[in-house]
Amino acid sequence: MFAQMLENTRKFNPLIHCITNYVTVNDCANLLLACGASPIMSDDAAEVEEITSICSGLDLNIGTLNQHTIPAMFLAGKKANACQHPVLLDPVGAGASRFRSATALRLLQEVKFTVVRGNSSEIKALAAGSASTNGVDAALADRITEQNLEESIAYLRAFANKLQSVVAVTGVIDLVTDGETVYIIRNGHAMMSQITGSGCMLSALITAYLAANPKHALEATAAAVSAMGFCGELAYKRSLHQPAGNASYRTYLIDAVSLLDGQQLESGANYERR
């Protein structure tokens with residue numbers, strides 16, 4: 001089924017509206033092109049409703065949150081809801097400041113999100129109201145491990161049920177759940193944490209898969225998470241043959257997404273479904 005998610009994205013070429021952060025916006029645009037979607041980045045309140053109405057999915061990322069983009073996020077999110085388009089929230093740095101946490105929680109109250117994707121500290125901050133923090137990275141104390149896996153699944157299921165959304169937590173072990181079924185995904189490589197934007201790019205990729213597979217939010221999200229992790233593995237293998245630093249690794253990662261086909265994804269996805 002993961003192959004179908006990927007192939008539908010290439011077939012339907014969904015236009016994805018991103019209100020994302022200034023650090024990684026170019027990488028997100030290129031990643032969307034690589035997976036078969038098309039990007040548009042618009043964050044001015046004067047036009048975001050019009051822009052999102054012509055798109056098939058909306059990606060809201062609070063990585064460089066500011067007073068200019070907040071009204072635009074609410075306008076775009078509510079317009080996407082009215083259009084019945086999938087909407088993803090990437091709560092970058094939630095828990096690192098009261099400003100970020102309060103904005104993310106208010107977005108969750110006023111906009112219906114199809115998927116909420118973040119690292120373990122960000123999701124814990126939203127689900128439990130507190131977490132350790134390491135800026136925009138997951139704190140060691142919050143990371144999902146084999147030792148705390150069952151406990152992590154339980155609280156994520158509860159959070160997904162509370163939101164009535166798919167929740168995806170990414171790290172060394174990725175968890176994706178709609179409150180009932182859980183995908184435990186073990187793709188990826190440590191080099192992905194040595195570049196900026198792998199999480200932001202993943203959120204854009206998930207939004208594209210959601211837009212192309214609107215009736216299968218859980219599976220589309222799990223497929224995108226596996227695809228990104230598997231491409232991280234392929235990029236690392238390429239770097240062994242063409243030794244290079246982390247900037248080249250970022251390029252190899254986007255290349256891998258652009259070259260990935262459904263058969264490769266089915267054979268490379270490493271996941272358990274419960």
Side-chain angles (χ1 to χ4, degrees), residues 5 14-21 28 32 37 42-43 48-49 51-53 55-63 65 69-95 100-129 131 155-170 174-183 199-225:
M5 304 288 120
L15 179 61
I16 304 301
H17 180 193
C18 300
I19 302 179
T20 187
N21 78 68
C28 290
L32 284 169
S42 166
D43 63 5
V48 290
E49 291 177 290
I51 293 296
T52 212
S53 68
C55 294
S56 299
L58 174 66
D59 173 18
L60 298 182
N61 177 312
I62 69 168
L65 193 66
T69 53
I70 289 173
M73 288 183 178
F74 281 94
L75 288 170
K78 291 176 182 179
K79 185 65 177 182
N81 283 171
C83 295
Q84 298 186 317
H85 296 164
V87 188
L88 179 142
L89 175 64
D90 187 339
V92 180
R100 286 171 188 260
S101 299
T103 303
L105 288 170
R106 192 159 69 87
L107 280 165
L108 289 174
Q109 290 174 349
E110 297 187 26
V111 176
K112 174 60 181 171
F113 287 95
T114 315
V115 174
V116 178
R117 187 218 68 84
N119 67 40
S120 52
S121 291
E122 293 159 352
I123 298 299
K124 191 174 180 180
L126 299 180
Y155 98 79
L156 288 175
R157 275 182 165 145
F159 189 46
N161 277 319
K162 178 182 177 182
L163 298 178
Q164 291 293 291
S165 303
V166 172
V167 175
V169 177
T170 52
D174 306 317
L175 299 178
V176 179
T177 181
D178 61 356
E180 295 185 8
T181 303
V182 178
Y183 283 88
C200 300
M201 287 189 278
L202 172 57
S203 289
L205 182 65
I206 292 172
T207 310
Y209 277 37
L210 290 171
N213 303 278
K215 295 182 180 178
H216 302 283
L218 176 66
E219 292 77 13
T221 304
V225 171

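The first residue in the sequence is number 1, and the count goes up from there. All values derive from a computational prediction rather than experimental measurement. Heavy atoms only: backbone and side chains are in, while hydrogens, waters and symmetry mates are out.
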Contact list for residues 205-220, test side chain to side chain donor-acceptor pair (under 3.5 Å), sequence neighbours left out: Asn8-Asn213
Min side-chain heavy-atom separation Val48-His17 under 4.5 Å: yes
Val225 versus Leu202, closest heavy-atom pair with distance: CA-CD1, 3.9 Å
Any donor-acceptor pair under 3.5 Å from Lys112 side chain to Leu163 backbone: yes
Residue pair Ile16 / Ala211: nearest heavy atoms and the distance that separates them: CD1-CB, 3.8 Å
Closest heavy-atom pair and its distance - Ala76, Thr52: O-CG2, 3.8 Å
Ile62 CD1 to Thr103 OG1 distance, which is reported to the nearest 0.5 Å: 6.5 Å
Nearest heavy atoms of Cys200 and Asn61, plus distance in Å: SG-ND2, 3.3 Å
Set of side chain to side chain donor-acceptor pair (under 3.5 Å) partners for His85, sequence neighbours left out: none
Contacts of Lys162 that satisfy salt bridge (charged side-chain N to carboxylate O under 4.0 Å, His left out) - sequence neighbours left out: none
side-chain contact (heavy atoms from CB on, under 4.5 Å) partner of Val116, the single match among Val169, Leu108, Asp90: Leu108
Point-to-point distance, once rounded to the nearest 0.5 Å, from OG of Ser56 to CD of Gln84: 13.0 Å
Between Ser203 and Arg117: side-chain donor-acceptor atoms closer than 3.5 Å: yes
Distance, nearest 0.5 Å, that separates CD of Glu180 from OG1 of Thr177: 8.0 Å
Member of Leu58, Asp43, Leu65 meeting the side-chain contact (heavy atoms from CB on, under 4.5 Å) criterion with Met73: Leu65
Interatomic distance, Phe159 atom CZ to Leu126 atom CG [nearest 0.5 angstrom]: 5.0 Å
Expected output: side-chain Thr114 to main-chain Leu88 donor-acceptor under 3.5 Å: no
Flag, side chain of Asn161 to backbone of Gly179, donor-acceptor distance under 3.5 Å: yes
Results of salt bridge (charged side-chain N to carboxylate O under 4.0 Å, His left out) for Asp59 - residues two or more places apart only: none
Side chain to side chain, Pro91 and Arg100, heavy atoms closer than 4.5 Å: no
Where Pro214 and Ala212 come nearest, the two heavy atoms and their spacing: CD-C, 3.5 Å
Residue list, side chain to side chain donor-acceptor pair (under 3.5 Å) with Thr221, at least two apart or on another chain: none
With Glu49 via salt bridge (charged side-chain N to carboxylate O under 4.0 Å, His left out) - residues at least two apart: none
Heavy-atom pair of closest approach, residues Ala208 and Pro14: O-CG, 3.7 Å
